[in-house]
Amino acid sequence: RRTLARLSLVQLSLKAGAVEFSGPLLASHWRDAVQGVTVVQLNPRLILLFGRDGWTRINWDVRCRLRGQPMALWLHAFYSTHAQPFPLKVTTLHSLCGSDSAVRRGHLGGLDNWRNQTLKPALMAVQQAVLASGGWFDWQVLPSGLVTVERSATAASRR
């Protein structure tokens, strides 16, 4: 309920090519307590920003399993957009995820600590959540510092 209340206050300003959108994220949301169903309706004008292939379907069951694990949630969303993920450096993932951890050039063990204490446990959490949801997700951090990921792809991500 608190999350939906916060989301109902979200105002967006987005641009996709020549199309610009400014307005609320949600059109409405309601809950039927008897049936235990919550319905969330996005602002229908958002569709103007996305073509046929301009969006990614994300497995909600996996998201729920990863609740409270921000790095795992980010990795899941990031890799959900890749039908065949290509290897990325640990430093690249660190930069892309917006981590504010104290990883500085010359800081002994900074990136190694992030890799071992944040990235690897998050990748393991994603793997376990995806497997529990009937999907497939495998990963490896190579000695070269490259992170490889293989995953089951949806029809949408294969396009």
Side chains of L73 and R63: does their closest heavy-atom pair fall under 4.5 Å?
yes

Check the hydrophobic clustering (I, L, V, M, F, W, Y; side-chain heavy atoms under 4.5 Å; chains of links allowed) and say if M124 and V126 are grouped together.
yes

Looking at S95 and T92, would you say the former's side chain and the latter's main chain have a donor-acceptor pair under 3.5 Å?
no

So for atom CH2, which belongs to W30, do other residues, nucleotides or ligands contribute more than 12 heavy atoms lying within a distance under 6.0 Å?
yes

Closest heavy-atom contact between V19 and L49?
O-CD2, 3.7 Å

Roughly how far, to the nearest 0.5 Å, is the CZ atom of F21 from the CD1 atom of I47?
12.0 Å

Please report the closest heavy-atom contact between F137 and L123, naming both atoms and the distance.
CE2-O, 4.0 Å

Please say yes or no: joined through hydrophobic side-chain contacts below 4.5 Å, possibly via intermediate residues, are I58 and L42 part of one cluster?
no

Tell me whether the rings of H82 and F86 are parallel (<30°), tilted (30 to 60°) or perpendicular (>60°).
perpendicular

V141 and K120: side-chain contact (heavy atoms from CB on, under 4.5 Å), yes or no, with the steps?
CA-CA 8 Å; V141 179; K120 285 183 175 182; 4.0 Å; yes

Could you tell me the separation between the CG atom of N59 and the OG atom of S80, rounded to the nearest 0.5 Å?
7.5 Å

Smallest separation among heavy atoms of P24 and N43, with atom names
O-ND2, 3.0 Å

Report whether V10 and L46 are members of the same hydrophobic cluster (ILVMFWY, side-chain heavy atoms less than 4.5 Å apart, transitive linking).
yes

How many angstroms lie between CZ in R115 and CG in L93, if you round to the nearest 0.5 Å?
12.0 Å

I want to check something: taking the side chain as every heavy atom from C-beta on, are T81 and Y79 in contact at a cut-off of under 4.5 Å?
no

Let me confirm one number: the CG-CG distance from L75 to L66, rounded to the nearest 0.5 Å.
9.5 Å

Are H29 and T38 close enough that some pair of their side-chain heavy atoms sits under 4.5 Å apart?
no

Nearest 0.5 Å, what's the NE2-CZ distance between H76 and R151?
7.5 Å

Which atom of R31 lies closest to which atom of G36, heavy atoms considered
NH1-C, 3.6 Å

Transitive ILVMFWY side-chain link L25 to L48, under 4.5 Å:
yes

Please lay out, stage by stage, how L111 and N113 fare under the test side-chain contact (heavy atoms from CB on, under 4.5 Å).
CA-CA 5 Å; L111 192 59; N113 287 341; over 6 Å; no

Ignoring hydrogens, what is the shortest heavy-atom contact between R65 and S133? Give both atom names and the distance.
NE-OG, 3.1 Å

Can you get from L96 to L119 by hopping between Ile, Leu, Val, Met, Phe, Trp and Tyr side chains that sit under 4.5 Å apart?
yes

Which distance, rounded to the nearest 0.5 Å, do you find between the CD of Q140 and the CD of E150?
9.0 Å

All heavy atoms of W114 vs all of C97, minimum pair found to be CZ2-SG, 3.9 Å

